[in-house]
Amino acid sequence: MTQSNPLRAGLRLARTPAPCTLIIFGATGDLTARKLLPALYNLAREGLLPNGFSLVGFGRRPWSDDDFRAIMRQSAEEHSRNKPLNEEVWRNFAEGIFFVGGEFGDDSAFQKLAERLASIDAERGTDGNRLYYLATPPSSFDDIIGQLRHVGLNRSGANPAYPSGWTRIIIEKPFGHDLESALDLNQRVGRAFDEDQVYRIDHYLGKETVQNLLVTRFANTIFEPIWNRRYVDHVQITVAENLGIGSRAGFYEEAGALRDMVTNHMMQLLTLTAMEPPVRFDSESVRNEKVKVLHAIKPLQAAAVDRYTVRAQYGAGSVNGEDVPGYRQEKGVAPDSRTPTYVALKLEIESWRWAGVPFYLRTGKRLAKRVTEIAIEFKRPPLLLFPEIRDDIQPNVLALRIQPNEGITLKFGAKQPGQRMAIQAVNMDFRYGTSFGVAAPEAYERLLLDAMLGDATLFTRRDEVEAQWSIMTPILDRWKEQNGTPLAEYEAGTWGPDDADKFMQQDEGRTWRTL
Ligand code: BG6
């Protein structure tokens, strides 16, 4: 489509936020370099950032604006999906980049920040609109939020020259490490910001394919009638990664797979799959329905944790033909670490739609390949009509491939050509690549833009985070009680521990999908 297409022009106009300043705390860190800056540059390149858009990095380094610009340029060059860098776009964008150096606990640094923001408002026309981004480890959240409150930068209309200016804050995961700490964090955030100012980011919600789950379900008529216990046998959600923990041992040792992937990303995939149609497509209606799903998940008591969860850690092995060390040999990991890098679990949703339909979740590092998928496996036909078919015929499966090779596949049985009655499973495929032929934006692009626009639909609400932790905390508590028992190991480059297969097998002889 060309730029002059009126529909596209209309959409572009509707999706351009008001002029504003984004302030990143943790601007010298990895997330800013790898994800945030490239996303902002891509938005600039697509003409989606407002005029006067400004970016202020706040961090401990003694950098000048120009130092920060040079480092940001490097990260756009390395990590942007639009290469090579467009010099004109970059020049315009870089004019709005600034750096304020200081410690998170230092009053005077935040005063300096307030002055800088006021001068940006005056010089660049950002109208007192501010979006903070906490891209630091959670240990710094308290200081930053406390200081913003202390200098009055937490309120909307913080710049008296622009009383209708808005103030919002994006908070990166992890939002606590169990229910108690999540409640506590929410309370502390709530002392400085109203809930409608708070945007808890889960980048899985920014993925095109995750948003397409809602479109598949609610913009079509053929799926919804069968999307329930009458037709669905079970659901499998897989988030497999072939990478190890890289240089993140410090973080990962404390987190482990359940906190790192299941509590947030996988619960988002589950709630979007299981939710009822919202009354409207707005932030409150959508999030209400997701929270209802979380509330309907049967809590796992200690005995159920033992039966319905599997955890393990990767040992040495080979991934893509390359030898890789085991988790305990990774730099920064304790040699006797018990942190699970693989988790499988079964959850049940006690609702009229889903009663009796298990949801199986599995995720792990250093698995055979990187693939994220939601598979709806349907019940078998009530009777087998074809006497020549001895074997059980394979069930229908609707597989939503979140990444990579994004698409949707419907598996069904077809008659093999010939005189005999033989049935073979075949696939009907939709592929984003072939159907649309354009690269999808990165998750952070969508989410940063939504936060600037004040649309919180794809962000996690306070009660949602708390409900996620209510489900996960009993599991973590039970595991903690079992600290003396050995932790299973799986070979890097495989599909996880044998226990995970046994666990499925014991549940009516089911098996994990081969991906
Ligand atoms: C992050 C986790 O939130 O998500 C990482 O902390 C994980 O451990 C990453 O690798 C996965 O994201 P993606 O977009 O690559 O699937």
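As the structure lists them, so they are numbered: ligands from 1, and atoms in each ligand from 1.
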Handout entry: Chi angles and distances behind the ring pair (Phe, Tyr, Trp, His ring centres under 6.0 Å) call for F359, H234
Key = CA-CA 6 Å; F359 280 65; H234 72 274; 9.4 Å; no
Handout entry: For F58, all residues meeting ring pair (Phe, Tyr, Trp, His ring centres under 6.0 Å), sequence neighbours excluded
Key =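 Checked F58 against ring pair (Phe, Tyr, Trp, His ring centres under 6.0 Å); matches are F25, F104, F110.
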Exercise for the section: Not counting sequence neighbours, which residues clear ring pair (Phe, Tyr, Trp, His ring centres under 6.0 Å) with H265? List them please. Expected result: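 With sequence neighbours excluded, H265 shows a ring pair (Phe, Tyr, Trp, His ring centres under 6.0 Å) to H203, Y204, given in chain and number order.
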Problem - No-hydrogen, no-angle side-chain donor-acceptor test under 3.5 Å, Q268 and E464 - result: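 Yes - a donor-acceptor pair under 3.5 Å links their side chains.
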Practice task
Please determine, by modelled atom types, if R217 and N212 share a side-chain donor-acceptor pair under 3.5 angstrom.
Solution key: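 Absent: no donor and acceptor within the cut-off.
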Exercise for the section: For residues 471-496, pull every pair meeting ring-ring contact (aromatic ring centres under 6.0 Å, His included), keeping only residues two or more places apart or in separate chains. Expected result: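 Found Y342-Y490.
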Exercise for the section: Could you please provide the protein residues found below 4.0 Å of ligand 1 on a heavy-atom basis, arranged by chain and number? Expected result: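 Protein residues near ligand 1 are K173, H203, Y204, K207, E241, R248, D260, M261, H265, K365, R370, Q403.
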